[in-house]
Amino acid sequence: MKTNKMYEAGDVRVEDVPVPRVQQPTDSVLKVVASCICGTDLHPYHNMESHEHGEGAAMGHEVLGRIEELGEDVTGFEKGDLVVVPFFYADNTCPHCQEGWTTSCVNGGFMSGGQAEYVHVPQAQGSMFKLPDEIEDDSPLIPSLLTLSDVYGTGYHAAVMGGVNENTTVTVIGDGAVGLLAVLSAKKLGAEKIILMGRHKERTDLGVEFGATDVVAERGEEGIAKVRELTNGEGTHVVLECVGLMPAFEMSAGVVRSGGVISRVGAPQYNDAPVGASFFGRNITLTGGPAPTRAYMDELLPDILNGTLNPGRVFDVTMGLDDVPEGYRAMDNREALKVLIRP
Ligand SMILES: [Zn+2]
């Protein structure tokens with residue numbers, strides 16, 4: 001089968017490898033119907049050293065597919081079922097999973113190998129989320145259903161952890177797929193004022209369609225001043241930080257209202273942040289982390305099925321497996337917001 005592997009920064013190759021098989025009774029194998037390239041795939045695309053993965057790293061952690069093979073311990077599914085899998089597989093039974101923290105699963109781990117014809121799923125029982133039988137492989141809902149794996153669930157997690165509701169004003173930092181879906185999520189949870197901070201007009205335009213009431217293109221001190229101008233100088237109750245870089249954290253601290261919450265879902269590319277006196281003195285809460293997207297699937301599915309919400313609009317380019325290396329280049333150059341892969 002065809003798969004995509006990364007060998008070092010900037011080097012993604014299409015290769016022919018054996019189809020994966022079930023290895024443990026708790027596994028499954030899916031025939032991939034749709035997968036995608038994630039913004040986080042761009043971190044190794046920039047930084048991976050050639051010695052880190054001598055045989056190449058199988059790429060792709062967001063997957064929707066049909067069950068090809070089932071381990072003997074996996075029950076309640078049949079071959080051919082259409083399922084979506086979270087970016088972090090989990091047993092969905094351990095103490096952390098039972099409380100909804102599937103990204104802390106004691107038997108969990110990151111999915112990989114989704115940018116291929118077939119993919120191996122560990123902990124299949126707890127990870128696979130069955131989609132309605134009537135959905136065909138060419139359904140227009142497929143892109144939105146795929147966002148349940150990562151980007152929609154991650155944007156929603158930011159909003160939930162931030163405590164967004166009809167009484168909170170919200171700033172979203174970042175106009176990538178997660179930031180735009182954090183806007184959609186804040187709107188879904190009732191927020192009436194949603195300020196989107198982002199510089200790419202075609203992206204922030206989609207953010208406005210998703211529910212952003214204001215767009216601030218400025219960054220740093222200028223961006224902070226602009227948000228404060230829009231909020232009587234007070235800042236917003238909630239900041240959804242969907243970038244993960246220090247300047248985004250600093251902007252978050254600058255635009256959050258006293259007593260407010262900064263909710264982070266951009267994986268922090270820093271280890272130290274200013275959380276001292278100024279932060280403490282204003283009663284700021286810092287929360288967020290890797291999104292347990294499996295735990296949100298039941299809740300987020302109905303709006304997609306009935307057409308109320310279309311988070312799949314974040315995919316602006318569709319490619320086959322042979323074009324995935326080009327897809328990385330296009331996302332890296334910001335020619336593509338998010339690349340959908342249809343094997
Ligand atoms: Zn677990």
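Whatever order the structure lists ligands and atoms in, that order sets their numbers, starting from 1. Residues take their numbers from the sequence shown, with the count starting at 1.
No side-chain donor-acceptor contact under 3.5 Å links Asn167 and His237. No side-chain N or O of Thr26 forms a donor-acceptor pair with one of Asp73 less than 3.5 Å apart.
For the pair Arg264 and Phe249, the cation-pi criterion (under 6.0 Å, within 45° of the ring axis) is not fulfilled.
Just one residue in the list Asp91, Thr93, Asn92 forms a side chain to side chain donor-acceptor pair (under 3.5 Å) with Asn107, and that residue is Asp91.
Between Glu117 and Val19 there is no side-chain heavy-atom pair separated by less than 4.5 Å.
Residues satisfying the ring-ring contact (aromatic ring centres under 6.0 Å, His included) criterion with Tyr156, sequence neighbours excluded, are Tyr296.
Protein N/O/S atoms closer than 2.8 Å to the Zn ion (ligand 1): Asp91 OD1, Cys94 SG, Cys97 SG, Cys105 SG.
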